[in-house]
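Working notes, structure below.
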Amino acid sequence: MAISSASLISSFSHAETIAKPPRIDTANPPNPILLISKCTSLRELMQIHAYSIKSHLHYDVSFITKLVNFCTESPTTSSMSYARHLFDAMSKQDIMIFNSMARGYSRSETPLEAFTLFVEILEDDLSPDHYTFPSLFKACAAAKALEEGRQLHSLSMKLGLDDNVYVCPSLINLYTECEDVDAARCVFDRINEPCVVSYNAMITGYARRNRPNEALSLFREMQGKSLKPNEITLLSVLSSCSLLGSLDLGRWIHEYAKIHGFCNYVKVNTALIDMFAKCGSLDDSVTLFEKMRHKDTQVWSAMIGAYANHGEAERSMLMFERMRCENVQPDEITFLGLLNACSHRGLVEEGREYFSRMVNEFKIVPSIKHYGSMVDLLGRAGRLDDAYRFIDSLPINPTPMLWRILLSACSSHNDLKLAEEVSVRIFELDDSHGGDYVILSNLYARNKKWRDVDSLRKVMKDRKAVKVPGCSSIEVKNVVHEFFSGECVKSRNTKLHRALDEMVKELKLAGYVPDTSMVVHADMSDQEKEIAVRYHSEKLAIAFGLLNTPPGTTIRVVKNLRVCRDCHNAAKLISLVFGRRVVLRDVQRFHHFGDGRCSCGDFW
DNA sequence: ATAGGGTTAG
C-alpha cells in the first residue's frame, strides 16, 4: 500500500524547518522500520519519514502503522496533526491505523476529533472491530459527549461488538463520566459474567459520582463471587471509604492490602493516606507517609491536603518545604492544598505568597479552583472587599461558585448588604441552588428582617430551588448510621431522642445556651426555636455515639454541610462534660473537639 | 488496546 503523494512531507507546516535528512550509507541503507524503534522525538520521526520517501525504500501499511503509533503514543497537538496527515494520505485506509488515531485523540486536547474522524471513515468501506469502540468511548467520556457516546453504543450493538471484555468497561466508564450512572449500571447488569475490570469500572463510577454505598455493595458482591480484587479495585474502594468516613472498613482494606501485597503500589499508599485523613485519623496518615521510601508529587499533595483539612496549616507548609528539599515538583493540586491550609487558618499573606509563587516560580496557570481558594482565603479572613475586587479582576467570567464562596464569607461576617449584592450576581447566573437562598435568608433572620425572610422563602419556592437536607453519619461496629436534621421530631419516645434530651439537659447545667439566631421563622416561640436546633443532624449523630460506644472512645461524625454555630458550641461542651474526643468532619474541613475546645479555634 | 492514587466547590 502506498502513500498517495510524495509531497506529503512538504505539505506539513513544520517540515521545512526540520528537514535535515539523516546521513545514509547508500551502499547499505538502513531499514526505516528499525529506525522508528530508536526514534526519540517527533522531529526525528519526520526525518525518518522523509528519508523513507526520498530513498524510495519499501514501505507498507505496517511501516505507516509504526509511524502513526509513535505519534499517538503520547499525543500532542503537533504529533496528532502529523498522524492525521499520514492517515489522510493513505490511498486505502486501514482500521488498525484508525484505532491508533482514535486512541491518540481520546487522550489529546481534542478528544471529539476521534468521533468526527470515525463518522468520516464510516462512509469508506472500513469495518470497526473490538479495539475501535473502547477508544471512541474513551474519547466521548473525555469530552463528556453523551449523545455521541449513545450513538456509538447503539452502533456497537448493531455490529454485535458491545459484548466484549474491552468494550464493556469503557462503555461503563463513558456513562459514569457523563453522569448517567444508571445507564452504566444497565450495561453492567447485562454482562453475563462480569470480569474484574468491569467490576472496577462500575465501582469506580459509583465512587466518582459520589455513590459510595453502591460502590461498596458491588465490592462485597465481587468477593462473594470469589473474583479477586486488584489494586485498582482497592483504589476505588478506598475512595468510597473516604467519602463515607468509614474508618473501620478503611482499616480492613489496609490489612487486606498488606496481606495481598498491594502496599508496594505507590497509588494504593496514596489512597490509604488520603483515606485515613478523611476518616479522621491523621496519625495513621502520617505513619504511612513517613514509611514510604519513594514519594511522588501525589503523595506529598495528599499529605499537604490532609494537614490542611485538619487545620494544621504550619505542617502543610512544612511539608511543602520538605518536598522542595527532596526536589519533587509541586503541581496545581499541591497548591490547592496549600491555599486551603492558609484559608482555614486565616493566613492571608502566606496564601497570597503561594499563589504568586505558583504562577511565577512554577509556571502553573491558575484554575477556577485556585481562584475559588483565594476568594475563600480573603473572604473567610473578613477581607470581603478584597475578595470582591479579586473576583472582579479575574481574566475569566466569574462562575456562580466564586460568588457563592463570597456569599458564604458574607454570612460568616454578617455583612448583609454585600450578601444581597452578591446574591443578585449569583441569581443572574443560576437561581436553582437552594443553599444560596438559605444563607441569605439566615442572614435576614439574624438581622431580624422577618419580612425579607418570608419574601425570599416565597421566591425560593416559586423557583423550585431546593436545599440539600443536613445529614450526619457515624460508624458504629462496622455499620454507618445516617441522621437527617429534624428527623423523627414527632416520635419523641425513641431511645435516641430521650438520650439527646438528656444530653442537652446536662449541657445546660454546664452553661450551654442554645443559639437559635439562625432559625428563620418569626412566629416561633423560643422553645420551638430551641427544639429546631436540638434536632440538627450532627447532634443526633453525636448522641447516638454517646449511647452506643464505650466511654472514653473518640466519636467520629461526618456531616454533608458546614457545621452550624450552635452545634459547634454544643460539641465543645460535650467533649468537656462527657470526657469524649469528638472528631467532626464537615463539608469543608475537620473539627477536633476536646476539653471544651475545638482545633479550629472557632475560625471556620 | 478495557478499569486507575492527591483536587472536585462548601
Side-chain angles (χ1 to χ4, degrees), chain A residues 69 72-73 96 99-100 102-104 106 129-135 137-138 141 164-174 176-177 188 194-205 207-210 229-236 238-239 242-243 262 265-275 277-278 285 289 295-306 308-309 330-340 343 367-373 375-376 380 399-405 407-409 411 433 435-436 439 468 559-563 586-589 604:
Chain A
N69 281 346
T72 58
E73 190 50 46
M96 271 174 62
N99 291 346
S100 178
R103 199 173 112 80
S106 74
D129 61 19
H130 284 134
Y131 296 119
T132 311
F133 284 99
S135 295
F137 290 144
K138 192 174 192 158
N164 170 273
V165 280
Y166 295 119
V167 176
C168 289
S170 61
L171 196 46
I172 292 167
N173 187 47
L174 163 77
T176 55
E177 282 299 298
F188 179 81
C195 61
V196 176
V197 182
S198 291
Y199 266 100
N200 286 350
M202 199 61 236
I203 292 173
T204 304
R208 295 253 280 230
R209 299 272 78 97
N210 210 349
N230 62 14
E231 73 280 6
I232 293 163
T233 322
L234 296 198
L235 294 178
S236 299
L238 282 171
S239 112
S242 299
L243 287 169
F262 291 119
Y265 292 89
V266 177
K267 291 183 180 192
V268 171
N269 275 308
T270 313
L272 281 165
I273 289 171
D274 181 59
M275 178 278 295
K278 285 183 178 151
S285 299
F289 176 81
K295 301 187 183 82
D296 63 8
T297 302
Q298 277 99 324
V299 178
W300 287 103
S301 301
M303 204 58 235
I304 287 172
N309 286 334
D331 68 6
E332 64 279 8
I333 293 164
T334 319
F335 281 101
L336 276 178
L338 287 165
L339 292 175
N340 211 1
S343 158
S367 75
I368 187 79
K369 287 174 195 154
H370 296 99
Y371 294 141
S373 257
V375 175
D376 191 50
R380 199 183 288 270
T399 57
M401 187 50 62
L402 285 180
W403 292 118
R404 204 162 275 148
I405 294 167
L407 178 64
S408 147
S411 148
H433 195 271
D436 301 331
I439 290 178
V468 179
K559 184 175 182 196
N560 67 337
L561 305 170
R562 268 171 80 165
V563 59
D586 75 5
V587 72
Q588 184 114 22
R589 56 164 297 162
W604 85 89

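Computed from a prediction, not measured in an experiment: that's the story for all the values here. Throughout, protein chains are lettered first and strands after them, A, B, ... in sequence-line order, and every chain is numbered starting at 1.
Across all strands shown, Ser408(A) has no heavy atoms under 4.0 Å from either base or sugar-phosphate atoms. Using a 4.0 Å heavy-atom criterion, one finds that Arg404(A) contacts the sugar-phosphate atoms exclusively. Lys278(A) comes within contact range of the sugar-phosphate backbone alone, with a heavy-atom separation under 4.0 Å but no base atom that close. Residue Val268(A) is classed as having no contact, given no heavy-atom separation below 4.0 Å to the nucleic acid. Using a 4.0 Å heavy-atom criterion, one finds that Asp331(A) contacts the bases of the nucleic acid, with or without backbone contacts as well. Counting any heavy atom pair closer than 4.0 Å across all strands shown, Val167(A) reaches no nucleic acid atom. Among the protein residues, Ser198(A) comes within range of no part of the nucleic acid, since none of its heavy atoms lies under 4.0 Å from any strand. At the heavy-atom level, Asn230(A) lies under 4.0 Å from base atoms of the strands shown. Residue Ile368(A) is classed as a base contact, given a heavy-atom separation below 4.0 Å to a base. Using a 4.0 Å heavy-atom distance criterion, Asp296(A) is classed as a base contact. Base contact: Ile232(A) has a heavy atom under 4.0 Å from a base atom. At a threshold of 4.0 angstrom between heavy atoms, the contacts of Gly305(A) with the nucleic acid are absent. Residue Ile405(A) is classed as a base contact, given a heavy-atom separation below 4.0 Å to a base.
Evaluation of the salt bridge (charged side-chain N to carboxylate O under 4.0 Å, His left out) rule for Arg209(A) yields Glu179(A) as partners, not counting sequence neighbours. Checked against salt bridge (charged side-chain N to carboxylate O under 4.0 Å, His left out), Arg380(A) has the following partners two or more places apart in sequence or in another chain: Asp376(A).
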- Message: Go through it in stages, so that I can follow the logic: the residues are His370(A) and Ser367(A), the test is side chain to side chain donor-acceptor pair (under 3.5 Å), and I'd like the CA-CA distance, side-chain angles, deciding distance and then a yes or no.
- Response: CA-CA 5 Å; His370(A) 296 99; Ser367(A) 75; 3.1 Å; yes
- Message: Show, in sequence, the C-alpha distance, side-chain angles and deciding distance for Val587(A) and Lys559(A), and conclude whether the side chain to side chain contact (heavy atoms under 4.5 Å, CB included) test is met.
- Response: CA-CA 6 Å; Val587(A) 72; Lys559(A) 184 175 182 196; over 6 Å; no
- Message: Using the rule given for side chain to side chain donor-acceptor pair (under 3.5 Å), can you reason through Ser343(A) versus Asn340(A), listing the C-alpha separation, both sets of side-chain angles and the distance that settles it, and then say yes or no?
- Response: CA-CA 5 Å; Ser343(A) 158; Asn340(A) 211 1; 4.9 Å; no
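Listed nucleotides: dT2(B), dT7(B), dG5(B). Nearest to the side chain of Pro169(A): dT2(B). Considering only the side chain of Ser170(A), dT2(B) comes nearest among dT2(B), dG5(B), dG6(B). Side chain of Arg103(A), nearest nucleotide from dG5(B), dG6(B), dA1(B): dA1(B). When distances run from any side-chain atom of Lys369(A) to the nucleotides dA3(B), dG4(B), dT7(B), the shortest one goes to dT7(B). Considering only side-chain atoms of Val299(A), the nucleotide from dT2(B), dG6(B), dG5(B) that sits closest is dG5(B). Side-chain proximity of Ile333(A) to dG5(B), dT7(B), dT2(B): nearest is dT7(B). Between dG5(B), dG6(B), dA1(B), one nucleotide has an atom nearer to the side chain of Asn99(A) than all others, and that is dA1(B).
If you measure from atom CG of Asn309(A) to atom C1' of dG6(B), you get 11 Å, rounded to the nearest angstrom. Distance CD (Gln298(A)) to P (dG4(B)): 15 Å, rounded to an integer number of Å. Atom CG in Asp274(A) sits about 6 Å away from atom C1' in dG6(B), given to the nearest Å. As rounded to whole Å, 14 Å separates atom C1' of dG5(B) from atom CZ of Phe289(A).
Looking at Asn269(A), its side chain has no donor and acceptor atom pair within 3.5 Å of the base of dG5(B).
Between Tyr131(A) and Tyr166(A), the ring planes lie tilted relative to each other; the angle falls in the 30° to 60° range.
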